[in-house]
Amino acid sequence: MKCSWREGNRIQLLENGDNYYPALFDAIDHAQQRVILETFIWFEDDVGRQLQQTLLRAAQRGISIEVLLDGYGSPDLSEPFVSALTSAGVIFRYYDPGPRLFGMRTNLFRRMHRKIVVIDNTVAFVGGINYSAEHVTSYGPEAKQDYAVRVEGPVVLDILQFELENLPDNAPVKRWWRKRRHRPEENRKPGEAQALFVWRDNDDHRDDIERHYLKMLANARREVIIANAYFFPGYRLLHAMRSAARRGVTVKLIVQGEPDMPIVKVGAELLYNYLLKGGVQVYEYRRRPLHGKVALMDDHWATIGSSNLDPLSLSLNLEANLIIHDRVFNQTLRDNLQGLIKNDCVRVNESMAPKRTWWNLGKSVVVFHFLRHFPAMVGWLPAHTPRLAEVEPPVQPEIETQDRTEAQHSGVKP
């Protein structure tokens, strides 16, 4: 399928689980026919149990529910937890489940990293928020800063169609000779309340999200703000950021200053000198771990989704973003990100970047060449076809004929 820019949408920014979970649970409670939910992580904690109970309520009302979890991101849901859902009729699948080896998860690459919910054909949620208590600010200093959108309107039909075509029974036959790159869909009549659904897979849409970022940077005239949790992109995107800054665009990059994984900051720091020398303003978000994957350009363009700007998201994972062209939404997101910069970020200067020694220069050269060629190298990895494993509902015990007859005579349902 191919999606186009859709007009007439209603798009709401949702910050953290504090805004996201109540909006989502309320929408599921009002579902009339169908709920499709995809996520990378679902933990069996307070938030995870709230989601379970919300889906159970919907299933008990006769709503069709299908869930897809990533086998790497969500490996530890208990059997009773899942069985409660499957017993109620929820279709529950894992993407590429793999056995553990010495306690370690083995399905490291080609993850299903999307976070999408579609309710009927009227409401959809797209973003970077998983289902765990660490996405709620009351979790404490380790709570993640993140974003999603609630959207109504014509673009929901595109998201629903994407989901339906990717269900196991409807997946199209993939031919190696049909693979081609899609050019970013152009917005030929820019206006308000417009949205475009884009995704990344390992077939025809390998670099769709990255190409939208590149086109955005090429078209920017005044300002670009990128907030990305795991920032380690390829050379093309780094070069595009510097090019925009050098022609007078204010380019601001927000990365993790208090990362959930220390290696994230180490990787980003290797890029500081290159970006700073090119005029890019780099900010480290210090309040708590940053998990957002958002960007904006000038006064209309914005994107929110699941895609980081790192090798996994740009070259291996299944990802999905919503591209938005709307002045009000753009300003809402800008106000939020400017608030982060003002209140919770430290601007990186040359004294904070790695010293320009021969050793660090050599590392930078290696890193840049690696980044430049990484997508091609990833193509050499064994591209096994990930499988979907459906969790069967538990077998219900059969009541003996005599017991059933006695129950019927007594007026009690067996």
Side-chain angles (χ1 to χ4, degrees), residues 17 20-100 105 107 111-127 129-136 148 150 159-160 162-164 166-171 306 318 320 386-398 413-414:
Y20 178 71
Y21 300 138
L24 174 65
F25 298 162
D26 179 71
I28 294 174
D29 280 334
H30 287 87
Q32 299 297 312
Q33 295 178 317
R34 179 197 299 269
V35 174
I36 302 176
L37 183 149
E38 294 184 336
T39 189
F40 181 60
I41 289 175
W42 185 351
F43 287 164
E44 198 170 330
D45 56 15
D46 288 344
V47 168
R49 285 187 286 272
Q50 289 179 51
L51 175 60
Q52 181 207 41
Q53 292 303 308
T54 303
L55 293 176
L56 284 174
R57 288 195 300 271
Q60 290 160 2
R61 291 189 290 111
I63 305 301
S64 170
I65 301 173
E66 300 198 39
V67 170
L68 177 62
L69 303 184
D70 183 74
Y72 179 88
S74 303
D76 296 323
L77 292 180
S78 68
E79 183 177 343
F81 185 91
V82 176
S83 293
L85 291 162
T86 57
S87 296
V90 175
I91 298 175
F92 202 96
R93 300 186 180 95
Y94 284 101
Y95 178 87
D96 204 21
R100 291 178 182 257
R105 287 171 285 181
N107 46 353
R111 304 172 187 174
M112 201 294 296
H113 196 244
R114 300 187 297 250
K115 291 90 174 175
I116 301 173
V117 184
V118 186
I119 299 165
D120 300 328
N121 60 357
T122 57
V123 182
F125 295 80
V126 179
I129 301 177
N130 292 296
Y131 301 99
S132 67
E134 61 190 5
H135 284 276
V136 182
R150 180 188 188 276
I159 303 172
L160 175 61
F162 170 81
E163 292 295 329
L164 294 177
N166 280 275
L167 295 178
D169 295 337
N170 300 334
S306 67
L318 306 185
R387 62 190 178 90
L388 293 182
E390 183 171 335
V391 179
E392 296 292 338
V395 177
Q396 303 298 320
E398 288 290 336
K413 292 184 179 180

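If you're wondering where the values come from, they're calculated on a predicted model, not measured in any experiment.
Rounded to the nearest 0.5 Å, atoms CG (L56) and CZ (R49) are 13.5 Å apart. In this structure, CG in L160 is found 11.0 Å from CD1 in I116, a value given to the nearest 0.5 Å. Atom-to-atom distance recorded for L51:CG and Y21:OH is 9.0 Å, nearest 0.5 angstrom. In this structure, F125 CZ and L37 CG are separated by 10.5 Å, a value rounded to the nearest 0.5 Å. In this structure, OG1 in T86 is found 9.0 Å from CD in E79, a value given to the nearest 0.5 Å.
The ring-ring contact (aromatic ring centres under 6.0 Å, His included) search around F40 returns H113, not counting sequence neighbours. Annotation: side chain to side chain donor-acceptor pair (under 3.5 Å) contacts of Q52 (sequence neighbours excluded): none. Not a single salt bridge (charged side-chain N to carboxylate O under 4.0 Å, His left out) links D26 to another residue, sequence neighbours left out. Partners of E44 according to the side chain to side chain donor-acceptor pair (under 3.5 Å) rule, which considers only residues two or more places apart in sequence or in another chain, are S78. Under the ring-ring contact (aromatic ring centres under 6.0 Å, His included) criterion, Y131 pairs with no residue, sequence neighbours left out. The salt bridge (charged side-chain N to carboxylate O under 4.0 Å, His left out) test applied to R34 returns no partner, not counting sequence neighbours. Residues satisfying the side chain to side chain donor-acceptor pair (under 3.5 Å) test with D45, not counting sequence neighbours, are none.
Shown here for I28 and A58, the closest heavy-atom pair between the two residues is CG2-CB, 4.0 Å. For the pair G17 and P22, the tightest heavy-atom approach, listed with the atom from each and the gap, is O-CD, 3.5 Å. Here the shortest heavy-atom pairing between I65 and A59 reads CD1-N, 3.6 Å. Between I41 and G73, the closest heavy-atom pair is CG1-O, 3.5 Å. In terms of heavy-atom proximity, M112 sits nearest to L68 at CE-O, 3.9 Å. Of all non-hydrogen atoms in A124 and I159, the two that sit nearest each other are CB-CD1, 3.8 Å.
Annotation: side chain of V47 is not in contact with side chain of H135 (no heavy-atom distance under 4.5 Å). F162 is not listed as a side-chain neighbour of I36, based on a closest heavy-atom distance of 4.5 Å or more. Counting only heavy atoms from C-beta outward, the side chains of Q50 and F25 approach each other to under 4.5 Å. In this structure, V90 and V35 have side chains that are not in contact, with every pair of non-hydrogen atoms separated by 4.5 Å or more. Side-chain contact between L69 and L77: present, with at least one pair of heavy atoms (C-beta onward) separated by less than 4.5 Å. In this structure, F92 and L55 have side chains that are not in contact, with every pair of non-hydrogen atoms separated by 4.5 Å or more.
Checking side-chain atoms of S87 against main-chain N and O of A84 turns up no donor-acceptor pair under 3.5 Å.
Among pairs with a residue in residues 57-69, those fulfilling side-chain hydrogen bond (donor to acceptor under 3.5 Å, both in side chains) read D29-R57, T54-R57, E66-R93, at least two apart in sequence or across chains. Note on residues 114-126: pairs passing salt bridge (Lys or Arg N to Asp or Glu O under 4.0 Å), not counting sequence neighbours, are E38-R114.
In this structure, Q33 places its CD atom where only 12 or fewer heavy-atom neighbours from other residues, nucleotides or ligands lie under 6.0 Å away.
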